[in-house]
Amino acid sequence: MLDYDLHCHSTVSDGLLSPTELVARAAERGVKVLALTDHDDLDGLAEARVAAEQYGIQLINGVEISVSWRSHTVHVVGLHIDPAYPPLVEGVAGVRRGRGERAQKMADSLAASGIGGVLEGAYRYATNPGMIGRTHFARYLVESGRCKDVKSVFKNYLVKGKPGYVAHQWGALDEVIGWIRGSGGVAVLAHPGRYVSGKKPMGRPTLLELLGEFIELGGQGIEVVCGSHTPAQYAEFGRYARELGLLASCGSDFHGPGESYRDLGRLPDLPLDCRPVWAAWETVPGAGMPRAAIA
Ligand code: AMP
Ligand code: MN
Ligand code: MN
Ligand code: MN
């Protein structure tokens, strides 16, 4: 079991726990180094830092940025970023900006298929209204009895080809990597096993093209062990990391009790011969990592 959990969400994006509650839960579950990686928003980090000091764990400043690459949406996690770096702050604000309009379009599209009142309902779940997203719609549609759980809402309403899906333009891959790297952070391709082309998983040739561009643009890491990967995918993406010279990351992608694939903490070890992403932090000046926490 690893003591690192480098991907999770708080109420600042689409998680169910406040940054403080999240840190407390992580500490309770044995996490020693936690990265808070809210979607397109850095505002939870200050609160999480105070809580991390209180609970005696190491907080890594993180973010998960939404990217449009070709016709795909992909996510890039920034680890050890500087949340005060102006291009990053302005960059994520720009990525967030379209969310309100997109939410309106999603609600209009659902209304056109006979499901009304969803916008108001979804906003009730968006603790940070600027960060309204599909998860908030999903929670409301569960509450209103449309589906039994969040996962089935996604399957039936919120993905390509379904009534609540609206295509959206997120950040550009080169810019997003630039903001992360410029702030001193490490750019990590999140959950490569989750990407889709229409209804099918993104094929390996496309994923390799994505990784090729990602690396060329300064991307340095890939999530190998993550909440939504199978053990076979740990091995597969571990091999990608080794062959492409990428750092390997691990994170639960926890959003809330009972809602996520995995709870905070409990992650299997990275495959052998993977260079863990935290090895890179040794070289980040002023990163403040205690030596004992560096593998
Ligand atoms: P958005 O950025 O608004 O498009 O929302 C993306 C978020 O929706 C992801 O970060 C997940 O939290 C959630 N999500 C995406 N697909 C699924 C799914 N199939 N089941 C449950 N949650 C999902
Ligand atoms: Mn999410
Ligand atoms: Mn993601
Ligand atoms: Mn995530």
Side-chain angles (χ1 to χ4, degrees), residues 5-17 22 35-41 44 62-69 72-79 92 95-107 109-110 118-119 122-123 125-142 146-162 164-171 176 187-196 198-202 210 221-223 226-229 249-262 264:
D5 191 332
L6 303 178
H7 187 156
C8 65
H9 299 272
S10 76
T11 43
V12 165
S13 61
D14 57 359
L16 290 169
L17 305 182
L22 196 68
L36 173 61
T37 56
D38 274 312
H39 297 285
D40 310 326
D41 206 313
V63 65
E64 180 178 21
I65 307 182
S66 315
V67 169
S68 291
W69 177 76
H72 306 275
T73 296
V74 301
H75 286 172
V76 175
V77 163
L79 295 175
V92 293
V95 174
R96 269 196 317 269
R97 212 162 284 136
R99 282 185 175 268
E101 203 179 311
R102 171 193 187 229
Q104 179 70 59
K105 287 186 193 158
M106 286 169 63
S109 164
L110 287 164
V118 181
L119 191 65
Y123 268 108
Y125 283 87
T127 14
N128 172 5
M131 251 311 303
I132 181 101
R134 286 186 292 164
T135 309
H136 307 112
F137 278 74
R139 289 183 186 138
Y140 171 69
L141 288 169
V142 172
R146 281 279 154 193
C147 289
K148 67 175 192 325
D149 57 23
V150 161
K151 283 197 175 67
S152 41
V153 182
F154 271 88
K155 197 161 156 231
N156 295 301
Y157 294 102
L158 303 179
V159 291
K160 229 176 230 177
K162 302 292 176 180
Y165 180 79
V166 171
H168 191 72
Q169 194 63 35
W170 302 106
V176 168
V188 174
L189 186 72
H191 45 64
R194 289 270 308 271
Y195 300 131
V196 292
K199 283 186 185 160
K200 292 198 207 119
M202 180 188 274
L210 167 60
I222 182 171
E223 269 182 3
C226 89
S228 57
H229 283 171
S249 190
C250 64
S252 58
D253 204 358
F254 177 75
H255 282 70
E259 210 179 82
S260 293
Y261 293 97
R262 266 186 185 275
L264 287 162

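Side chains are part of it too, since the values below use all heavy atoms of this structure and drop only hydrogens, waters and symmetry mates. As the structure lists them, so they are numbered: ligands from 1, and atoms in each ligand from 1.
Counting heavy atoms from C-beta outward, Y165 and K105 have side chains that stay 4.5 Å or more apart. Between L264 and C8, the closest side-chain pair of non-hydrogen atoms falls below 4.5 Å.
Within D14, the N/O/S atom positioned nearest the Mn ion (ligand 2) carries the name OD2.
The closest heavy-atom contact to atom 9 (C) of ligand 1, among the options H9, R96, E259, H39, comes from H39.
Within ligand 1, counting atoms from 1 as listed, the ones closer than 4.0 Å to a heavy atom of T135 are 7 (C), 8 (O), 12 (O), 13 (C). Numbered from 1 in the order shown, with element, the atoms of ligand 1 that lie under 4.0 Å from a heavy atom of G133 read 3 (O).
With hydrogens and angles disregarded, no donor-acceptor distance shorter than 3.5 Å links the side chain of R139 to the backbone of Y125. Using a distance-only test at 3.5 Å, with no hydrogens or angles considered, a donor-acceptor pair links the side chain of R99 to the main chain of I132. When atom types are taken as modelled, the side chain of Y195 and the backbone of H75 share a donor-acceptor pair closer than 3.5 angstrom. The backbone N or O of R262 lies less than 3.5 Å from no partner atom in the side chain of S260, so there is not a single donor-acceptor pair.
Distances shorter than 4.0 angstrom occur between a heavy atom of R99 and an atom of ligand 1. Residue contacts with ligand 1: R194 is included, with a non-hydrogen atom under 4.0 Å away. At least one heavy atom of R102 lies less than 4.0 angstrom from ligand 1.
At the shortest separation from atom 18 (C) of ligand 1 among protein heavy atoms lies F154 CG, 3.5 Å. Distance from atom 6 (C) of ligand 1 to its nearest protein heavy atom, with residue and atom name: R134 NH2, 3.8 Å. Nearest protein heavy-atom neighbour of atom 12 (O) of ligand 1: H255 NE2, 2.9 Å.
Considering backbone and side-chain N/O of S66, none are found under 3.5 Å from N/O of ligand 1.
Between H9 and H39, the angle of the ring planes stays under 30°, which puts this pair in the parallel group of the 30/60° scheme.
Contact annotation: H255 places an N, O or S atom under 2.8 Å from the Mn ion (ligand 2).
No more than 12 heavy atoms of other residues, nucleotides or ligands sit less than 6.0 Å from atom CD of E101. Sparse packing is recorded around NZ of K155, with 12 or fewer heavy atoms of other residues, nucleotides or ligands lying under 6.0 Å away.
Considering CD of Q169 and CZ of R102, their distance stands at 12.0 Å, rounded to 0.5 Å.
Near-neighbour remark for the Mn ion (ligand 3): protein N, O or S atoms under 2.8 Å are E64 OE2, H75 ND1, H191 NE2; waters not counted.
Side-chain polar atoms of E223 and H191 form no donor-acceptor pair below 3.5 angstrom.
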D41 and S13: side chain to side chain donor-acceptor pair (under 3.5 Å), yes or no, with the steps?
CA-CA 7 Å; D41 206 313; S13 61; over 6 Å; no

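Contacts with ligand 1 closer than 4.0 Å are made by side-chain heavy atoms of D14 only, the backbone lying farther away.
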